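Worksheet for the structure shown next.
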There are 2 protein chains.
Amino acid sequence: MTVTIYDVAREAGVSMATVSRVVNNNPNVKPQTRKKVFEAIERLGYRPNAVARGLASKKTTTVGVVIPDISNAIFAEVARGIEDIANMYHYNIILCNADKRKEKEIRVINTLLEKQVDGLLFMGGVVTDEHMQAFQTATVPIVLCGTNVEGNTMAAVDIDHQQAAHDAVKLLLDKGHRRIGMISGNLQDPNNGFSRYNGYKNALEEAGVAFDESLVRIGNHRYESGIEAMKYFLELPERPTAIFSATDEMAIGAIHAAQDAGLAIPGDISVISVDNSRMASMVRPLLTTVAQPMYDIGAVSMRLLTKLMNKENVEKGKVTLMHEVIQRQSVAEV
Amino acid sequence: MTVTIYDVAREAGVSMATVSRVVNNNPNVKPQTRKKVFEAIERLGYRPNAVARGLASKKTTTVGVVIPDISNAIFAEVARGIEDIANMYHYNIILCNADKRKEKEIRVINTLLEKQVDGLLFMGGVVTDEHMQAFQTATVPIVLCGTNVEGNTMAAVDIDHQQAAHDAVKLLLDKGHRRIGMISGNLQDPNNGFSRYNGYKNALEEAGVAFDESLVRIGNHRYESGIEAMKYFLELPERPTAIFSATDEMAIGAIHAAQDAGLAIPGDISVISVDNSRMASMVRPLLTTVAQPMYDIGAVSMRLLTKLMNKENVEKGKVTLMHEVIQRQSVAEV
DNA sequence: CTGTTAGCGCTTTCAT
DNA sequence: ATGAAAGCGCTAACAG
């Protein structure tokens, strides 16, 4: 039925070992025998069985990646960065959506480990003790990708979310805004939620502006929740002159809600956010936002993982990528 | 080092076969021995090796999916549909981006097959003879997902792109438009390109409107190319009263280009497209478009594949999902 | 440069 | 209900 390395060996009149060598590009084969083997392979239509190879060599050249939701543009961009680099180093990726839900995350970590991935890229929500426990059963390297965890034990790559938020709010402050609303993500989410919220608070504090609880609305990162939040702000007796949104998508919702109410952006209200997803350049006015290098977060994570899998010495296990304020058209001086 | 089924057997005082049985939920095990084995597993922290299992059983419970570009919102949505159903049937997916490039597509098909996936989901560009050749070397089922191919040999799920385009243009016609521009994708692309272009042409023909070559512009599916196309249309001596765009993203570019030029949508120009990506509801005016059920295309493909892998009898190998015109705000009567 | 020989960790008849 | 044993298809010493 299926042709094996043994069939090729017989066909070529050599041993399995020799076939294995030519398949694996081992230089220790006489060009002539190499040729014979290639011909036999061709003739028989031999295709190496990677599973058998994986069992024998204890390497599968596949890595697991757990991601919150591939249909989310931000994560999809990260995933592309991951896959490109994986590909470059001849790895394949097994992709699992876990929706930032603990049970699902832990379950997929375990099945990925059962499948003998050579490494694991984890992009999740909160990292609990149970996560750490699961990680510790692994005998392969793991890197956290855009995922925060207390302590310094694990390899990780991310941006400084708090600083990014801080910089966004700082820009508003510099433009003279003092009454600044925030549309936050869920505060349980360490990165997109809590850190960005803290960045907002401490930029305000630094500028001597009193924090006003009634000026922050919690959204769910989606467009509609941006709309809801802006509606709320517009009904305030004294409405903010600027809004800081934790994500682009909510910011765009906010912009549209304001425009729908007959207000001009940034004339009447300025809006800034963080992400710089592609949508930021697909709105009117163009969205001012702080760029988070999604693709690079994925690419750098994967590159780090390849080094770890290769047992190379890695100087710094934690890498923080730079964010950058992209000034476009949605922020004006007050 | 690693604990194997043999270690568990020894620890539990049974044979490997018995351990294998309890791990695989084979009912032929006395509850008492089952318990003993579970305890041993627990005590030793045993984790079954899926690679070894795969070699022995010739099933890997993983399927390969080749996709053009996971960072594209449309495909990402399809991928989510695929993964959800895969998960439901206890499969994992190996995801490969191939950018609709033949060489890359064929390469990944082969590595996926080497990795002994139990099935393959192919989402690509043109399916050439070389593709067919690669497919024919497979001993596992393959389903084409959102990918067209002449002949009726392969399982496939998709929408009727030509009809979808036709329906979009028909709406414009029904609203009284006669001078209708089209922003097309690359005509080499069978689905998003050629089929939609044909739908446009034949809707026109049906309505007795002469086809005018100068009214179609080829874009690359991206926002910017929508902008370029609209600029072109606006400079025409007699500009169109409506535009049909092959994709939402180009449509949004077109809308913005018109608005930037001081024109009102749909007052001055109507715009319709096909896709109904999430962005369609994230523009002003809300985009009228014909909905393509991306998630379902993925989900149904994967479901079909599970049946095929399970050797179930499948009534129809080709399934065409329904599209639907979603009327929002970007089309007006002329 | 090439061949021999053990496994890798599990499933799966076949007995019992 | 359980065990023995033969592979699954390949890699990796080791010898020569």
Side-chain angles (χ1 to χ4, degrees), chain A residues 1-38 40-41 44-62 90 111 113-118 139-140, chain B residues 1-38 40-41 44-62 90 110-111 113-118 137 139-140:
Chain A
M1 204 83 295
T2 70
V3 14
T4 75
I5 200 175
Y6 182 74
D7 300 319
V8 176
R10 197 157 26 75
E11 174 83 11
V14 299
S15 71
M16 306 170 39
T18 299
V19 178
S20 176
R21 286 190 188 97
V22 346
V23 168
N24 292 298
N25 262 312
N26 183 320
N28 288 353
V29 181
K30 209 196 305 177
Q32 197 183 118
T33 30
R34 181 183 305 278
K35 182 154 168 293
K36 272 195 312 190
V37 172
F38 271 133
I41 286 176
L44 265 37
Y46 169 66
R47 173 153 36 214
N49 180 325
V51 170
R53 176 182 298 179
L55 182 59
S57 70
K58 295 173 167 304
K59 279 179 184 341
T60 54
T61 62
T62 108
H90 304 296
T111 81
L113 260 16
E114 282 187 9
K115 294 219 169 169
Q116 310 300 120
V117 293
D118 292 339
T139 58
V140 295
Chain B
M1 204 86 293
T2 68
V3 12
T4 76
I5 201 175
Y6 182 73
D7 299 319
V8 176
R10 197 158 26 75
E11 174 82 11
V14 299
S15 71
M16 305 169 42
T18 299
V19 177
S20 177
R21 287 191 187 95
V22 347
V23 168
N24 292 297
N25 264 312
N26 183 319
N28 288 354
V29 181
K30 209 195 308 176
Q32 197 184 118
T33 32
R34 182 183 303 278
K35 182 155 169 291
K36 272 196 311 189
V37 171
F38 272 133
I41 286 177
L44 264 37
Y46 169 67
R47 174 152 37 214
N49 180 327
V51 171
R53 175 181 301 181
L55 182 58
S57 70
K58 296 173 165 307
K59 281 181 184 336
T60 55
T61 62
T62 107
H90 303 297
N110 282 313
T111 81
L113 260 17
E114 284 188 7
K115 294 219 169 171
Q116 310 298 122
V117 292
D118 292 339
T137 65
T139 59
V140 295

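Letters go in sequence order (proteins before strands), and every chain restarts at 1. The structure displayed is predicted, hence computed values, not measured ones.
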OG1 on A:Thr2 to CZ on A:Arg47, rounded to 0.5 Å: 11.0 Å

About how many Å separate CG of A:Leu44 and CZ of A:Arg10, when rounded to the nearest 0.5 Å?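 Rounded to the nearest 0.5 Å, the CZ-CG separation comes to 8.0 Å.
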
What nucleic acid atoms does [X] come within less than 4.0 Å of, heavy atoms only: base, sugar-phosphate, or nothing?
{"X": "A:Asn49", "result": "sugar-phosphate"}
{"X": "B:Ser20", "result": "base"}
{"X": "A:Val14", "result": "sugar-phosphate"}

Classify the side chain of B:Arg21 versus the base of D:dG3 as yes if they form a donor-acceptor pair under 3.5 Å and no if they do not. yes

Using atom [atom1] of [X] as one end and atom [atom2] of [N] as the other, report the distance to the nearest whole Å.
{"X": "A:Ile5", "N": "D:dT11", "atom1": "CD1", "atom2": "P", "result": "5 Å"}
{"X": "B:Asn26", "N": "D:dT2", "atom1": "CG", "atom2": "P", "result": "10 Å"}
{"X": "A:Lys35", "N": "C:dC1", "atom1": "NZ", "atom2": "C1'", "result": "18 Å"}

Which residue, B:Ala17 or B:Ser57, contacts DNA chain D at a nucleotide closer to its 5' end, judged by nearest heavy atom?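 By nearest-heavy-atom nucleotide position, the 5'-most residue is B:Ala17.
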
Please confirm whether the backbone N or O of B:Asn28 pairs with a side-chain atom of B:Asn26, one donor and one acceptor, at under 3.5 Å? yes

Tell me which one of B:Val23, B:Thr61, B:Thr60 satisfies side chain to side chain contact (heavy atoms under 4.5 Å, CB included) with B:Arg53.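 So, applying the side chain to side chain contact (heavy atoms under 4.5 Å, CB included) to B:Arg53 and each of B:Val23, B:Thr61, B:Thr60, only B:Val23 qualifies.
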
